S.K.: 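Encoded as structure tokens, here's the structure I'll be asking about.
Atoms within a ligand are numbered from 1 in the order they appear, just like the ligands themselves. Note that the coordinates shown come from a computational prediction; the quantities given were computed from them, not determined experimentally.
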Amino acid sequence: MRHVLILGGTTEGRSLAEALVAGAPPGTSARPEGDAAYPLRVTSSLAGRVARPVMPPGEVRVGGFGGADGLADWLREHRVDALIDATHPFAETMTANAALAAAASHVPLLRLRRPGWVPVAGDDWRLVASLDEAAALLADGPWQRVFLTTGRMGLAAFAHLDRLRFLVRSVDPPEPPCPRQLDTVLDRGPFTLEGERELLRQYAIDVVVTKDSGGSATVSKLAAAREAGIPVVMVRRPPTPEGVETAGSVAGALDWLRRRFA
Ligand code: NAP
């Protein structure tokens, strides 16, 4: 039985595991009757950052591998036939490790990364290269109240901005170092436009900070900011390692696997 390892922690990682374990979702053709490529052994890997993650079907392992060498060892020991890096577009270290480990162990690798967001008429985006650059822009800007949606792991970059009041939304409570003036909302996407409008209004937000995560689950904040005429500080994505094959959707990843295992 062929073994697929999915580096997950994302909606796409979970959807891919669901499609491979339970059969293809409507509209895709990954698992027709009598397909010799199936059944598969499917393992999803989670970093262990979230206290109570939504578990994908199939086998699940939790925690780091111990760098690229550790991942390469794991791929060999567990006889992995294909590696799918479905981690978040900003999980830069894991993506780099996956590329190194796949090359070292000669396991085919696909980077599954959802497309980034594209501005539309009425958007006021300020593009920056990093969280530190976003913090520098806030420090020099005219704003008072920030909706910071970059996740609790990156809060340290904003911890010195004492003048500003931050609204932070995360799955688990933020840990220090955090900004001094901090309101916290514990929640997990998807988020609705109505909900985002209400948050912006309730906390009198005048600037939103986000990473270009892409996808539909957290896109409503951009529409709410546009409607309210609020600027968005948008952190650009890190690049995919050179030479790594990519797919922008679960359907694309299923097609890649089908070709690999044909
Ligand atoms: P990262 O900075 O790229 O990775 C740091 C280390 O965490 C890696 O070197 C690896 O440890 C471990 N790791 C990361 N993803 C892993 C996985 N799927 N399975 C096993 N180990 C993993 O990663 P990150 O940005 O902190 O993201 C961690 C997890 O949260 C990922 O699963 C990602 O998909 C998810 N996530 C991230 C974001 C974000 O904004 N960055 C947002 C939503 C979800 P070793 O070197 O020991 O192997």
S.K.: Would you check whether Gly63 reaches within less than 4.0 Å of ligand 1, judged by its heavy atoms?
M.R.: yes
S.K.: Nearest non-hydrogen contact with atom 20 (C) of ligand 1 belongs to which option: Gly154, Ala96, Ser45?
M.R.: Ser45
S.K.: Start with the C-alpha distance between Thr87 and Asp85, add both sets of side-chain angles, then the distance that settles side-chain hydrogen bond (donor to acceptor under 3.5 Å, both in side chains), and finish with yes or no.
M.R.: CA-CA 6 Å; Thr87 56; Asp85 172 12; 2.6 Å; yes
S.K.: Tell me whether the guanidinium CZ or amine NZ of Arg61 lies under 6.0 angstrom from the six-membered ring centre of Phe65 and within 45° of its axis.
M.R.: yes
S.K.: Going by distance only, is there an N or O of Ala86 that falls short of 3.5 Å from an N or O of ligand 1?
M.R.: no
S.K.: Among all protein heavy atoms in this structure, tell me which lies nearest to atom 11 (O) of ligand 1, with the distance rounded to 0.1 Å.
M.R.: Gly64 CA, 3.6 Å
S.K.: For Val50, which part has a heavy atom under 4.0 Å from ligand 1: side chain, backbone, both, or neither?
M.R.: neither
S.K.: Any chance you could lay out the side-chain contact (heavy atoms from CB on, under 4.5 Å) test for Leu16 and Leu254, step after step, and finish with the verdict?
M.R.: CA-CA 8 Å; Leu16 180 61; Leu254 291 169; 3.7 Å; yes
S.K.: If we only count N/O pairs under 3.5 Å, is Leu7 in contact with ligand 1?
M.R.: no
S.K.: Among all protein non-hydrogen atoms, which one is nearest to atom 48 (O) of ligand 1, and what is the separation to 0.1 Å?
M.R.: Phe65 N, 2.7 Å
S.K.: Only heavy atoms of Glu92, strictly under 4.0 Å: list the atoms of ligand 1 that pass.
M.R.: 3 (O)
S.K.: Quick one: look up the protein heavy atom nearest atom 35 (C) of ligand 1 and list residue, atom name and how far away it is.
M.R.: Gly9 O, 3.7 Å
S.K.: Which heavy atom of the protein is the closest neighbour of atom 30 (O) of ligand 1, given with residue, atom name and distance?
M.R.: Arg49 CG, 4.5 Å
S.K.: Which of these, Gly151, Ala98, Gly8, has its nearest heavy atom closest to atom 32 (O) of ligand 1?
M.R.: Gly8
S.K.: Could you tell me the residue and atom name of the protein heavy atom closest to atom 23 (O) of ligand 1, and the distance to it rounded to 0.1 Å?
M.R.: Ala91 CB, 3.7 Å
S.K.: Considering non-hydrogen atoms of the protein only, which is the closest contact for atom 17 (C) of ligand 1, and what is the distance?
M.R.: Ala47 N, 3.6 Å
S.K.: If you measure every N/O of Thr150 against every N/O of ligand 1, is any gap under 3.5 Å?
M.R.: no
S.K.: Can a salt bridge be assigned to the pair Arg226 and Asp123 using a cut-off of 4.0 Å between side-chain N and carboxylate O?
M.R.: yes
S.K.: Any atom of ligand 1 sitting under 4.0 Å from a heavy atom of Gly66?
M.R.: yes
S.K.: Check ligand 1 against Lys211 and write out every atom of the ligand that is under 4.0 Å from a heavy-atom position of the residue.
M.R.: 39 (C), 40 (O), 41 (N)
S.K.: One thing to verify: whether Glu227 and Arg197 come together as a salt bridge, which I'm taking to mean a side-chain N less than 4.0 angstrom from a carboxylate O.
M.R.: yes
S.K.: Check whether NZ of the Lys or CZ of the Arg Arg169 lies under 6.0 Å from the centre of the six-membered ring of Phe191 and within 45 degrees of that ring's axis.
M.R.: yes
S.K.: Can you list the atoms of ligand 1 that are under 4.0 Å from a heavy atom of Thr87?
M.R.: 18 (N), 34 (O)
S.K.: Using a 4.0 Å cut-off to any heavy atom of Asn97, which atoms of ligand 1 qualify?
M.R.: 9 (O), 46 (O)
S.K.: Can you tell me if Thr43 and His78 form a side-chain donor-acceptor pair at under 3.5 Å?
M.R.: no
S.K.: For atom 37 (C) of ligand 1, which candidate among Glu12, Arg152, His88, Met94 holds the nearest heavy atom?
M.R.: His88
S.K.: So if I count the atoms of ligand 1 from 1 in the order they appear, which ones are less than 4.0 Å from some heavy atom of Thr10?
M.R.: 34 (O)
S.K.: How are the rings of His88 and Phe90 set to each other: parallel, tilted or perpendicular (split at 30° and 60°)?
M.R.: tilted
S.K.: Using heavy atoms and a 4.0 Å limit, tell me yes or no: is Leu71 in contact with ligand 1?
M.R.: no
S.K.: Could you check atom 46 (O) of ligand 1 against the protein and tell me its nearest heavy-atom contact, residue, atom and distance included?
M.R.: Gly67 N, 3.0 Å
S.K.: Ignoring hydrogens, tell whether any protein atom lies closer than 4.0 Å to atom 25 (O) of ligand 1; use the non-hydrogen atoms only.
M.R.: yes
S.K.: By the definition side-chain contact (heavy atoms from CB on, under 4.5 Å), identify the one residue from Val42, Leu109, Leu75, Val107 that meets it with Leu5.
M.R.: Leu75
S.K.: Near Arg76 CZ, under 6.0 Å, is it more than 12 heavy atoms from other residues, nucleotides or ligands?
M.R.: yes
